[in-house]
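Notes follow once the structure below has been shown.
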Protein chains: 2
Amino acid sequence: MFVDPLVSFPGYALRRASAASMARLSRELTTVKLRPSEATILLVIESNPDITQSEIGQALDIAGANMAPLVGRLAERDLIERRPVDGRSQGLRLTDSGRTLTQRVKRIIQIHENALLAKIPRAQRTLFLECLRALYTDLLP
Amino acid sequence: MFVDPLVSFPGYALRRASAASMARLSRELTTVKLRPSEATILLVIESNPDITQSEIGQALDIAGANMAPLVGRLAERDLIERRPVDGRSQGLRLTDSGRTLTQRVKRIIQIHENALLAKIPRAQRTLFLECLRALYTDLLP
DNA sequence: TATTGTTATACTCTATAACTATA
DNA sequence: TATAGTTATAGAGTATAACAATA
């Protein structure tokens, strides 16, 4: 009989749940040819026109060195445009085709998140989300 | 003012919480020069002597192609030994040095998991773990 | 000096395909 | 035929170091 020494560990359960969710989201996003990180960035730009990529990086905890190629790909596909704010910063905005694609992304993510919520008892949902946020807001490496 | 379109999404919170937890665990495991996946495999072998690597893969949801190099590195470091069961399967066991290192790994993981639990209200812990397990047990991609 | 953005590089985990040897 | 294990390769996220240009 198999003995699982990990069943009572929240960190391990967190890892497995996140991996399952991300694998599913990745597959769902293939229809718009976006990675999860790219889709997330589009949503943030839509809600925050003229945000800079360093501000996005701070909000999503993505290092600057990793933001550059992500934003670069979105710009190359004409989903976003970069408008110089000063000599070194650029405000980011969705283009028309970026806006159109972002609407599709929002539907995909909404369906995805609903599928997750369906697994969580309704009475637990708010507390569950609060526990997750507590884990990533002040869990310094 | 920054607007965060992701705050109410459990999938996004899951991703961030898992990433924070794994970054922390990775750093904590540098003292034993193990990756999180390698440390996890050691714990499973300790609790299940003579388990095969395909059985470990099924339990941890790690593809066979990815198990091979993980187990290979542990064997190369003489932390585990492979005993042929039949012509194609090998039972895995900890060596003496593997057993010693696994005790250190268990302490590291216990401290890590306690740090996570400290962020979760005591009354929520069981339900929180059940929600996470519900997410990864039947959330097929 | 500090910040923005960039390039290069490496590590970890995951995914697919193709192959062998054995059951 | 199906399974156990392996190899090669690629994609995705993340990390550090170094750099140029600008504030």
Side-chain angles (χ1 to χ4, degrees), chain A residues 11-12 14-30 33-41 50-76 80 82-92 136 140-141, chain B residues 11-12 14-30 33-41 50-76 80 82-92 136 140-141:
Chain A
Y12 181 73
L14 204 50
R15 182 175 160 191
R16 289 289 300 271
S18 175
S21 168
M22 293 305 293
R24 184 181 172 129
L25 180 60
S26 288
R27 189 183 58 73
E28 291 162 339
L29 287 171
T30 55
K33 297 198 201 317
L34 288 172
R35 308 172 179 184
S37 55
E38 292 166 345
T40 305
I41 288 170
D50 293 324
I51 194 171
T52 66
Q53 78 182 48
S54 65
E55 289 171 334
I56 297 174
Q58 286 166 15
L60 304 184
D61 197 28
I62 300 176
N66 300 322
M67 283 298 300
L70 288 169
V71 167
R73 274 192 299 273
L74 296 176
E76 205 170 317
I80 64 174
R82 302 188 249 209
R83 303 186 181 188
V85 174
D86 57 29
R88 53 183 183 177
S89 298
Q90 296 164 317
L92 305 180
Y136 77 78
L140 308 179
Chain B
Y12 181 73
L14 205 49
R15 181 175 161 193
R16 289 288 300 272
S18 175
S21 167
M22 293 305 293
R24 184 179 172 129
L25 180 59
S26 288
R27 189 184 58 73
E28 291 161 339
L29 286 172
T30 55
K33 298 199 198 317
L34 289 172
R35 307 171 179 183
S37 57
E38 292 167 344
T40 305
I41 288 170
D50 293 322
I51 193 172
T52 67
Q53 77 182 50
S54 64
E55 289 170 333
I56 298 174
Q58 287 167 14
L60 303 185
D61 197 29
I62 300 176
N66 299 324
M67 283 299 300
L70 288 170
V71 167
R73 274 192 299 273
L74 296 177
E76 205 170 319
I80 64 173
R82 302 188 250 209
R83 303 185 182 190
V85 174
D86 59 29
R88 54 184 181 173
S89 298
Q90 296 163 316
L92 304 180
Y136 78 76
L140 310 177

**Q.** Distance, rounded to the nearest Å, where I62(B) contributes CD1 and dG5(D) contributes C1'
**A.** 15 Å
Q | 5' precedence on DNA chain C between A19(A) and Q58(A) (nearest-nucleotide basis) | A | Q58(A)
Q: Figure out the CE/P separation between M67(B) and dT14(C), and round it to whole Å.
A: 11 Å
Q. Does T40(B) use its side chain to pair, donor to acceptor, with the backbone of P36(B) at less than 3.5 Å?
A. yes
(Q) Pick the closest DNA chain C nucleotide for G64(A) and for R15(A) by heavy atoms, then say which residue is nearer the 5' end. (A) G64(A)
**Q.** Spacing of I56(B) atom CD1 relative to dT6(D) atom C1', expressed in whole Å
**A.** 16 Å
**Q.** Atom pair CZ/CG of R15(B) and L14(A) - distance to nearest 0.5 Å
**A.** 13.5 Å
(Q) Could you tell me if the side chain of R88(A) sits less than 4.5 Å from the side chain of D86(A), heavy atoms only? (A) yes
Q) Is the side chain of S26(B) donor-acceptor paired with the backbone N or O of M22(B) at a distance under 3.5 Å, no angle test? A) yes
Q.
Nearest to the D86(A) side chain among dA23(D), dT6(C), dA12(D), which nucleotide is it?
A. dA23(D)
Q.
Rounded to whole Å, how long is the line connecting atom OH of Y12(A) with atom P of dC13(C)?
A. 12 Å
Q. If you measure from CG on L60(A) to CG on N66(A), what distance do you get to the nearest 0.5 Å?
A. 12.0 Å
Q) Between dT14(D), dT4(C), dC13(C), which nucleotide gets closest to the side-chain atoms of S54(A)? A) dT4(C)
Q | Minimum-distance pair of heavy atoms, taken over all atoms of M67(B) and I62(B) | A | SD-CG2, 3.6 Å
Q.
How many whole angstroms separate atom CG of D61(B) from atom C1' of dC13(C)?
A. 12 Å
**Q.** For Q53(B) against R82(B), the heavy-atom pair lying closest together
**A.** OE1-NH1, 4.2 Å
(Q) Just to be sure I understand the rule, does T52(A) reach a base, reach only the sugar-phosphate, or reach nothing, if contact means heavy atoms closer than 4.0 Å? (A) sugar-phosphate
Q: Looking only at side-chain atoms of Q53(A), point me to the closest of dT6(C), dT14(D), dT4(C).
A: dT6(C)
Q.
Treating S89(A) as the side-chain partner and V85(A) as the backbone partner, does any N or O pair qualify as donor plus acceptor under 3.5 Å?
A. no
Q) Please give, in whole Å, the distance from dG5(C) C1' to R73(A) CZ? A) 16 Å
Q) With a 4.5 Å heavy-atom cut-off, do L92(A) and I56(A) have their side chains touching? A) yes
Q | Protein-to-nucleotide contact annotation, 5' to 3' order, nucleotides 16-21 of chain C [B base; S sugar-phosphate only; - none; under 4.0 Å, heavy atom] | A | BB----
(Q) Is the phosphate of dT6(C) approached by R82(A) (side-chain N or O, under 4.0 Å from OP1 or OP2)? (A) yes
Q | Nearest-neighbour nucleotide for the S89(A) side chain, dA23(D), dG13(D), dG5(C) considered | A | dG5(C)
Q. For the pair made of CZ in R24(A) and C1' in dT14(C), what is the distance, rounded to whole Å?
A. 18 Å
(Q) Looking at E55(A), is its backbone amide N or carbonyl O close enough to the side chain of T52(A) to form a donor-acceptor pair, meaning the two atoms are under 3.5 Å apart? (A) yes
Q. Quick one: Q90(A) CD to dA20(D) C1', roughly how many Å, whole number?
A. 14 Å
Q. Given Watson-Crick or G-U pairs with both distances under 3.5 Å, what dot-bracket string fits DNA chain C, with | for other-strand pairs and [ ] for crossing?
A. |||||||||||||||||||||||
